[in-house]
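Let me begin by presenting the structure, written as structure tokens, before commenting on it.
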Amino acid sequence: MATYIVGDIQACFTGLVRLLDSVGFSAERDKLIAVGDLIGRGPHAIETIEYLYSLGDSFDTVLGNHDLHLLAIYSGIRKAKPNDKLDTLLSSKNIETYINWLRKKPLALKPNENSLVTHAGLYPKWSIKQALAYSDEISEQLTGDKWQTFLTNMYGNQPNIWDKELTGAKRFRFIVNALTRMRFIKDGNTLDFDCKAAPEDASSELTPWFNCHNEKLKNSQQVIFGHWAALNGVTHTTQASGLDTGYIWGNKLTLLDLSKNVKHSVKYKDTQ
């Protein structure tokens, strides 16, 4: 049995199948975990969701910002844009089943004792235990009767500094942003949402979250994440493993064999 963690799929079903075939993935034997953004921008949203749903207990995922956006679009809170490429999925006769399936997924998973999976990373002031607890708070909202009210209040960049005394919509918004949208930190603990570039192309006042000292993260622990295509998976630290390698932009789709700590990729140009 192997546990594979795959980077941002973004409805690129052809690349996903080719990548899973390349490592001999078997739903009867192995476990597949995704770092979120199952859909969004890619051409095969319905095929991707249908396949991942069909894997049953052999598949799990954390939610990414595109997945949360799908829930908001379905709920009429946001309008789909043409480049979201969600029409076939939204018009599916099974869309309600898929929506209810997705909203039961967390923002953070712990696949083994020393690993955390989230879409964007781990806020430098949080431990893995805290991230999982905060993820549970969001799951309680998403699975509750007022889940669409939660989504209505989810959007926005404030607050951008964590305070454990935060309550209500402000607290939930920060948790969602830290776990699904974070890239850079400024002034030690402030989330920056303006820059999406690679670290070497960013302002000197911005620090990648994984380069910020986290006194609560042990040397033996690692955070596995996606979301940041400009990194191309490179973090230069053993405590952070980036899996978004920009397949949707013509680069690569990558997965991590967790037990061996080995990455495998397929190139976009080789899967067309």
Side-chain angles (χ1 to χ4, degrees), residues 2-27 30-55 58-67 69-70 80-89 117-121 180-181 183 195-202 208 210 223-237 240-272:
T3 297
Y4 299 109
I5 305 177
V6 65
D8 301 39
I9 301 166
Q10 295 194 253
C12 294
F13 181 63
T14 302
L16 174 64
V17 171
R18 185 70 65 86
L19 179 58
L20 294 179
D21 285 347
S22 74
V23 296
F25 170 77
S26 168
D30 304 322
K31 178 82 171 185
L32 178 66
I33 298 172
V35 300
D37 280 5
L38 308 181
I39 45 76
R41 296 198 180 102
H44 301 123
I46 185 63
E47 294 88 345
T48 301
I49 292 295
E50 284 178 342
Y51 172 70
L52 296 175
Y53 181 82
S54 76
L55 294 179
S58 296
F59 174 74
D60 208 351
T61 187
V62 296
L63 296 175
N65 51 300
H66 280 281
D67 308 313
H69 192 54
L70 170 65
K81 298 177 181 178
N83 63 0
D84 290 328
K85 298 183 180 179
L86 296 174
D87 289 349
T88 56
L89 177 58
V117 178
T118 77
H119 183 59
T180 69
R181 296 179 61 209
R183 290 185 180 92
C195 185
K196 300 180 180 180
E200 59 269 23
D201 298 323
F210 49 81
V223 181
I224 303 163
F225 68 103
H227 182 57
W228 198 345
L231 288 177
N232 197 29
V234 178
T235 63
H236 300 294
T237 172
S241 184
L243 295 183
D244 184 357
T245 48
Y247 184 86
I248 190 67
W249 307 114
N251 196 1
K252 298 181 296 184
L253 185 64
T254 298
L255 62 72
L256 173 71
D257 183 336
L258 188 61
S259 60
K260 298 178 181 178
N261 200 32
V262 174
K263 292 181 179 180
H264 301 268
S265 300
V266 291
K267 295 180 180 179
Y268 177 86
K269 66 179 182 179
D270 294 336
T271 60
Q272 300 309 298

Do Cys12 and Arg41 come close enough that some side-chain heavy atom pair is under 4.5 Å?
no
Ile9 and Leu52, any side-chain heavy atoms less than 4.5 Å apart
yes
Could you pull out all donor-acceptor pairs under 3.5 Å where a side-chain atom in residues 13-22 meets a protein atom, sequence neighbours excluded?
residue, atom, partner, partner atom, Å
Arg18, NH1, Asp270, O, 2.8
Ser22, OG, Leu19, O, 2.6

When you compare the side chain of Phe225 with that of Val62, does any pair of heavy atoms fall below 4.5 Å?
no
Flag side-chain contact, heavy atom, 4.5 Å: Ile5 against Val35:
yes
May I ask you to test the Phe210-Val223 pair for a side-chain heavy-atom distance under 4.5 Å?
no
Would you say that Asn232 contacts Lys252 through its side chain, given a criterion of any heavy-atom pair below 4.5 Å between the two side chains?
yes
Can you confirm whether more than 12 heavy atoms, excluding those of Lys267, are under 6.0 Å from its NZ atom?
no
Would you confirm whether His227, through its side chain, and Arg181, through its main-chain N or O, come within 3.5 Å as a donor-acceptor pair?
yes
Residue Phe59 excluded, over 12 heavy atoms near CZ under 6.0 Å:
yes
Taking C-beta and beyond as the side chain, do Ile49 and Leu89 meet within less than 4.5 Å on heavy atoms?
yes
Beyond-backbone contact of Asp37 with His119, side-chain heavy atoms, under 4.5 angstrom:
yes
